[in-house]
Amino acid sequence: MKIAIIGHGKMGREVEKVALSRGHEIVCIIDCDNRDDFQSEAFRSADVAIEFSVPVAGMSNVLASFAENVPVVSGTTGWLDEATAAEIEQLCAGGATLLHATNFSLGVNVTMAANRLLARLLAPYPEYHASLEEVHHIHKLDHPSGTAITLSEQLVSANERYCSWAETDIPAPGVLPVRALREGEVPGIHTVTWTSPDDSITLRHEAKSRHGFAVGAVVAAEWLAKAPRGHRYSMADVLGLSDI
């Protein structure tokens, strides 16, 4: 498979290593200093582009890829808000193809499925109260993390006792409290805790390195290269977890 890499920071370089180790060809690498290469024949030859950049560049990178009819796997967080999501959906309806995930770790995506299931199972029991904490390295710009936002939105959607989430330490009725910490070089820790007067249930995922994220992104690219065009996909589609 021919892969274009957009963003050649730590994650981009890790994706490059993983892709090469799995027998793929890197046909183009685009970073902030060579954005004209979006219009190159090398970029257009890619079966899939894998994009890990910064929030301010995420939308423009995806749109530039769409303009060249290259499907995109995007792991950049902090750019896909309600307005941009609506624009992306329109473009996908017109034939563009995007697979966006806040976290490509295979383990995190299984954890997300467990999070949805646990939220549904505990919905009838008001004595259980949920909270979420995420810890990342000091270089991460957005907070809470995209993964924490996804986990929070999933929990709120699956449990009718919660109507929203907020980045706060102070509990409020119907609001899931989310706490974001930035420490050292932590790749990522996400913890969902349900507490009652009688016990606690903890769902926790800890990343050991960026390698797991890169593997998941390349697995997603392999899947997307064979998927029907004109859709917006997620890792739940890749892993067959959409119904959980």
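All values reported here derive from a predicted model rather than from experimental measurement. Side chains included, hydrogens not; waters and symmetry mates left out as well; all remaining heavy atoms used.
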Note to self: Show, in sequence, the C-alpha distance, side-chain angles and deciding distance for T191 and L203, and conclude whether the side-chain contact (heavy atoms from CB on, under 4.5 Å) test is met.
What the structure shows: CA-CA 6 Å; T191 307; L203 184 62; over 6 Å; no
Notebook entry, point to check: Hey, are H190 and S145 close enough side-chain-wise for a donor-acceptor pair under 3.5 Å?
Noted result: yes
Check: Which distance, rounded to the nearest 0.5 Å, do you find between the CG of L151 and the OG1 of T111?
Finding: 8.0 Å
Next item on the list: Give every residue pair that meets the salt bridge (Lys or Arg N to Asp or Glu O under 4.0 Å) criterion with at least one member in residues 207-219, sequence neighbours excluded.
Entry: none
Next item on the list: May I ask you to test the I170-P177 pair for a side-chain heavy-atom distance under 4.5 Å?
Entry: no
Item checked: Heavy-atom pair of closest approach, residues V70 and A49 -> CG1-N, 3.7 Å
Next item on the list: Might you work through the salt bridge (charged side-chain N to carboxylate O under 4.0 Å, His left out) test for K140 and D142, ending with a clear yes or no?
Entry: CA-CA 6 Å; K140 187 167 179 60; D142 53 320; 3.2 Å; yes
Check: With side chains defined as the heavy atoms from C-beta onward, is the minimum distance between W194 and L118 less than 4.5 Å?
Finding: yes
Checklist line | Backbone of S105 reached by a side-chain donor or acceptor of N109 within 3.5 Å | finding: yes
Notebook entry, point to check: Does a donor on one side chain and an acceptor on the other come within less than 3.5 Å for H211 and E14?
Noted result: no
Notebook entry, point to check: Which residue pairs pass the salt bridge (Lys or Arg N to Asp or Glu O under 4.0 Å) test with at least one member in residues 213-224, sequence neighbours excluded?
Noted result: R22-E222
Checklist line | Distance, nearest 0.5 Å, that separates CD of Q154 from CG of N159 | finding: 13.0 Å
Checklist line | Test item: P228 and Y233 side chains (from C-beta on) under 4.5 Å apart, heavy atoms | finding: yes
Checklist line | Pair R204 + E133, salt bridge at N-O below 4.0 Å | finding: no
Checklist line | Shortest non-hydrogen contact from A119 toward A158 | finding: CB-CB, 3.8 Å
Next item on the list: Kindly indicate, with the supporting measurements, whether the criterion side-chain contact (heavy atoms from CB on, under 4.5 Å) is fulfilled by V15 and I5.
Entry: CA-CA 8 Å; V15 166; I5 293 177; 4.3 Å; yes
Note to self: Do V73 and V18 land in one hydrophobic cluster if side-chain heavy atoms of ILVMFWY residues count as linked below 4.5 Å?
What the structure shows: yes
Note to self: As an exercise, state the distance from CG of L224 to CG of D47, rounded to the nearest 0.5 Å.
What the structure shows: 10.0 Å
Check: Do the side chains of I149 and V108 join up, straight or via other hydrophobic residues, at under 4.5 Å, putting them in one cluster?
Finding: yes
Check: Between N61 and A57, is there a donor-acceptor pair closer than 3.5 Å when you use the side chain of the first and the backbone of the second?
Finding: yes
Checklist line | Heavy-atom closest contact (D31 atom, G7 atom, distance) | finding: OD1-CA, 4.0 Å
Next item on the list: Working to the nearest 0.5 Å, report the span between NE2 of H136 and CG of L181.
Entry: 11.0 Å
Margin query: I'd like to know whether S152 forms a side-chain contact (heavy atoms from CB on, under 4.5 Å) with Y162, so could you lay out the CA-CA distance, the side-chain angles of the two residues, the decisive distance to 0.1 Å, and finally the verdict.
Written below: CA-CA 10 Å; S152 300; Y162 289 93; over 6 Å; no
Next item on the list: State, with a plain yes or no, whether a side-chain heavy atom of H205 is found less than 4.5 Å away from one of I189.
Entry: no
Margin query: Is it the case that the side chain of R161 and the backbone of Y128 share a donor-acceptor pair, with hydrogens and angles ignored and the cut-off at 3.5 Å?
Written below: yes
Next item on the list: Look at atom CD of Q90 and say whether more than 12 heavy atoms of other residues, nucleotides or ligands are closer to it than 6.0 Å.
Entry: no
Next item on the list: Can you establish whether the number of heavy atoms outside H143 located under 6.0 Å from its atom NE2 is more than 12?
Entry: no
Next item on the list: State yes or no: do L121 and L176 share one hydrophobic cluster built from I, L, V, M, F, W and Y residues joined by side-chain heavy-atom distances below 4.5 Å, directly or via other members?
Entry: no
Margin query: Quick one, V218 and I50 - any side-chain contact, counting heavy atoms below 4.5 Å?
Written below: yes
Next item on the list: For S65 and E51, test the side chains for any donor-to-acceptor distance below 3.5 angstrom and give the result as yes or no.
Entry: no
Item checked: Donor on one side chain, acceptor on other, D37 and S40, under 3.5 Å -> no
Notebook entry, point to check: Centres of the F38 and F43 rings: under 6.0 Å?
Noted result: yes
Next item on the list: Working to the nearest 0.5 Å, report the span between NE2 of H24 and CE of M1.
Entry: 4.0 Å
Next item on the list: Would you kindly confirm whether I3 and M235 end up in one hydrophobic cluster when ILVMFWY residues are joined by side chain heavy atoms under 4.5 Å apart?
Entry: yes
Checklist line | Full working for salt bridge (charged side-chain N to carboxylate O under 4.0 Å, His left out) between E89 and R232 | finding: CA-CA 7 Å; E89 292 295 344; R232 177 183 162 192; 3.3 Å; yes
Next item on the list: Identify the heavy atoms of C92 and H231 that sit nearest to each other, and give their distance.
Entry: SG-O, 3.7 Å
Next item on the list: Please name the pair of heavy atoms, one in G95 and one in R229, separated by the smallest distance, quoted to 0.1 Å.
Entry: O-CB, 4.2 Å
Notebook entry, point to check: Do V62 and I88 come within less than 4.5 Å of each other through their side chains, counting heavy atoms only?
Noted result: yes
Checklist line | Verdict with reasoning, L98 to S74, per side-chain contact (heavy atoms from CB on, under 4.5 Å) | finding: CA-CA 7 Å; L98 173 69; S74 173; 4.0 Å; yes
Check: Quick check: does any side chain N or O of T97 sit under 3.5 Å from a backbone N or O of G230, one acting as donor and the other as acceptor?
Finding: yes
Item checked: Nearest heavy atoms of A130 and L155, plus distance in Å -> CB-CD1, 4.0 Å
Next item on the list: Would you give the length of the straight line joining atom OG of S234 to atom CE of M112, rounded to the nearest 0.5 angstrom?
Entry: 9.5 Å
Note to self: Quiz question: by atom type and distance under 3.5 Å, do the side chains of H139 and E185 form a donor-acceptor pair?
What the structure shows: yes
Margin query: Test: side-chain hydrogen bond (donor to acceptor under 3.5 Å, both in side chains). Region: residues 116-125. Which pairs qualify, not counting sequence neighbours?
Written below: none
Check: In terms of hydrophobic clustering (I, L, V, M, F, W, Y; side-chain heavy atoms under 4.5 Å; direct or indirect links), are W223 and L106 co-clustered?
Finding: yes
Next item on the list: Measure from the side-chain N and O atoms of T84 to the backbone N and O of W79, and report whether any donor-acceptor pair falls under 3.5 Å.
Entry: yes
Margin query: Is it true that T77 and T102 share a donor-acceptor pair across their side chains at a distance under 3.5 Å?
Written below: no
Margin query: Before you tell me yes or no, could you show the steps for E16 and R13 under salt bridge (charged side-chain N to carboxylate O under 4.0 Å, His left out), namely the whole-Å CA-CA distance, both residues' side-chain angles and the distance that decides it to 0.1 Å?
Written below: CA-CA 5 Å; E16 181 182 12; R13 292 193 294 272; over 6 Å; no
Notebook entry, point to check: So, do V192 and T202 sit near enough that their side-chain heavy atoms are less than 4.5 Å apart?
Noted result: no
Notebook entry, point to check: Would a 4.5 Å heavy-atom cut-off, applied to side chains only, mark F213 and N103 as touching?
Noted result: yes
